[in-house]
S.K.: 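I have a structure I would like to understand better, so I am pasting it below and will then ask my questions one at a time.
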Number of protein chains: 2
Amino acid sequence: MEKQNVISALAALAQDTRLDVFRLLVRAGPEGLAAGAIADALDLPSATLSFHLKELRNAGLALCERSGRSLIYRPDCAAVEDILRYLTEHCCEGVAVKKTRR
Amino acid sequence: MEKQNVISALAALAQDTRLDVFRLLVRAGPEGLAAGAIADALDLPSATLSFHLKELRNAGLALCERSGRSLIYRPDCAAVEDILRYLTEHCCEGVAVKKTRR
DNA sequence: TCCATAATTCTATATTAATGGAAGTATGGA
DNA sequence: TCCATACTTCCATTAATATAGAATTATGGA
């Protein structure tokens, strides 16, 4: 993954509301969520949510597809994996994080 | 790691110059680098670099310690690992990234 | 065709971040 | 104590982000 793509993705997640939206999408899984359902769940004005969804899309972290009157958003988990890989390889002395050790 | 800490760390890395600085620190390893050496390596005005180093420190990504007239900066790789863990656990359906598969 | 719903885009405003010169602070020598 | 070096903080300026009401676009019925 290119550095600039990683930066966009990091910036997209580095925002309170957007991180909430993305986490909600991840929890919703591959069936996705309509924009309205996200707005309801997080109690956000539609224009504000729309702005953040666009940021997530532009950063390659979310995909959307129309279904009737709704737009269904889904997370792109591959993008997160790309970030993880980049950080592991460039920002962590190549030391991978152990799976579930703490 | 708390959500707000993760957000600060992501925001700190989501900036071109800062990501360069951090990667340089990681490559330098535990012996660290003086601020002046970083400024030279990346050709940055000292005030600009100082601003970015402070951001990295505030985000918990870098530590610094005086040595004579110089301030030696070191990366805090544990912080990166915390980010990786958070993203893996909250933003990726719990699916860890495989070590060096692509 | 007309209306309600679902969402986006437009627009203005407010907040926050980045840049870098100039001034200030610590350190170590002569 | 005076000076040079190594940084940081102060400050002003510019640029980028976030917020949300109002207007607009697309879809699916009645």
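Chain naming here is simple, since letters A, B, ... match the order of the sequence lines and numbering starts at 1 in each. Please read all numbers here as calculations on a predicted model, not as lab measurements. Note that these values count all heavy atoms, side chains included, but never hydrogens, waters or copies made by symmetry.
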S.K.: Is it possible for you to say whether B:Leu25 and B:Phe51 belong to one hydrophobic cluster, with membership spreading through side-chain heavy-atom contacts below 4.5 Å?
M.R.: no
S.K.: With a sphere of 6.0 Å drawn around CG of B:Asp43, does it hold more than 12 non-hydrogen atoms of other residues, nucleotides or ligands?
M.R.: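 Open: at most 12 neighbouring heavy atoms sit under 6.0 Å from CG of B:Asp43.
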S.K.: Using only side-chain N and O atoms of B:His52, determine if any of them is under 4.0 Å from OP1 or OP2 of C:dA17.
M.R.: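 Indeed not, no polar side-chain atom of B:His52 lies that close.
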S.K.: Round to the nearest Å and state the distance from B:Arg18 atom CZ to C:dA18 atom P.
M.R.: 4 Å
S.K.: Using atom types as modelled and distance alone, determine if a side-chain donor or acceptor of B:Gln15 lies under 3.5 Å from a backbone N or O of B:Thr17.
M.R.: yes
S.K.: Check the phosphate of C:dT8 against A:Tyr73, side-chain N and O only, distance under 4.0 Å to OP1 or OP2. Yes or no?
M.R.: yes
S.K.: Minimum heavy-atom separation for B:Leu61 to B:Phe22, with atom names?
M.R.: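 Looking at all heavy atoms of both residues, the closest pair is O-CE1, 3.1 Å.
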S.K.: Using 4.0 Å as the upper bound for N to carboxylate O, is an ion pair formed by B:Arg74 and B:Glu65?
M.R.: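 Yes, B:Glu65 and B:Arg74 are salt-bridged.
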S.K.: Side-chain heavy atoms nearer than 4.5 Å, only ILVMFWY residues, links allowed to pass through others: does that put B:Leu63 and B:Ile72 together?
M.R.: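 Different clusters.
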S.K.: Between the side chains of A:Asp20 and A:Arg23, is the shortest nitrogen-to-carboxylate-oxygen separation below 4.0 Å, so that they form an ion pair?
M.R.: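 Looking at A:Asp20 together with A:Arg23, the answer is no, because their closest N to O distance does not fall below 4.0 Å.
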S.K.: Determine, for nucleotides 21-30 of chain D in 5'-to-3' order, which nucleotides have protein heavy atoms under 4.0 Å from the base (write B), from only the sugar-phosphate (write S), or from neither (write -).
M.R.: BB----BB--
S.K.: In whole angstroms, how far is the P atom of D:dC7 from the CZ atom of B:Arg57?
M.R.: 12 Å
S.K.: Determine yes or no for a side-chain-to-main-chain donor-acceptor pair under 3.5 angstrom, with A:Ser70 supplying the side chain and A:Arg66 the backbone.
M.R.: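 No: the side chain of A:Ser70 does not pair with the backbone of A:Arg66.
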S.K.: Rounded to the Å, how far apart are B:Leu44 CG and C:dG20 P?
M.R.: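 Rounded to whole Å, this separation is 8 Å.
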S.K.: Closer than 3.5 angstrom, by distance alone: can the side chain of B:Arg18 be matched with the main-chain N or O of B:Leu13 as a donor-acceptor pair?
M.R.: no
S.K.: Which of residues 29-41 of chain B have a heavy atom under 4.0 Å from DNA chain C?
M.R.: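 When residues 29-41 of chain B is checked for heavy atoms under 4.0 Å from DNA chain C, there are no hits whatsoever.
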S.K.: In whole Å, what is the span from the CD1 atom of B:Ile7 to the C1' atom of C:dA17?
M.R.: 16 Å
S.K.: Grab the CD-C1' distance between B:Gln15 and D:dA15 for me, whole Å please.
M.R.: 12 Å
S.K.: Can you check the B:Glu55 CD to C:dT19 P distance for me, whole Å?
M.R.: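 After rounding, the gap between these two atoms is 11 Å.
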S.K.: Over how many whole Å does the gap from B:Leu71 atom CG to C:dT27 atom P extend?
M.R.: 9 Å
S.K.: Quantified as the angle between the terminal helix axes (five pairs each), what is the overall bend of the helix from C:dT1-D:dA30 to C:dA30-D:dT1 to 10 degrees?
M.R.: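 The two end axes of the helix from C:dT1-D:dA30 to C:dA30-D:dT1 meet at 10°.
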S.K.: Distance check needed: C:dT19 P versus B:Asp20 CG, whole Å only.
M.R.: 11 Å
S.K.: Taking all atoms of both residues into account, what is the closest heavy-atom pair of A:Leu49 and A:Ala35, and its distance?
M.R.: CD2-O, 3.2 Å
S.K.: Assigning hydrophobic clusters by single linkage (Ile, Leu, Val, Met, Phe, Trp, Tyr; side-chain heavy-atom cutoff under 4.5 Å), is A:Leu87 placed with B:Leu24?
M.R.: yes
S.K.: A:Ser70 side chain: which of D:dT9, C:dA6, C:dT8 is closest?
M.R.: C:dA6
S.K.: Can you tell me if B:Thr48 uses its side chain to pair, donor with acceptor, with the backbone of B:Leu44 under 3.5 Å?
M.R.: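 Flag not set: sc B:Thr48 to bb B:Leu44 has no pair under 3.5 Å.
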S.K.: Below 4.0 angstrom from OP1 or OP2 of C:dT8, is there any side-chain N or O of A:Lys54?
M.R.: no
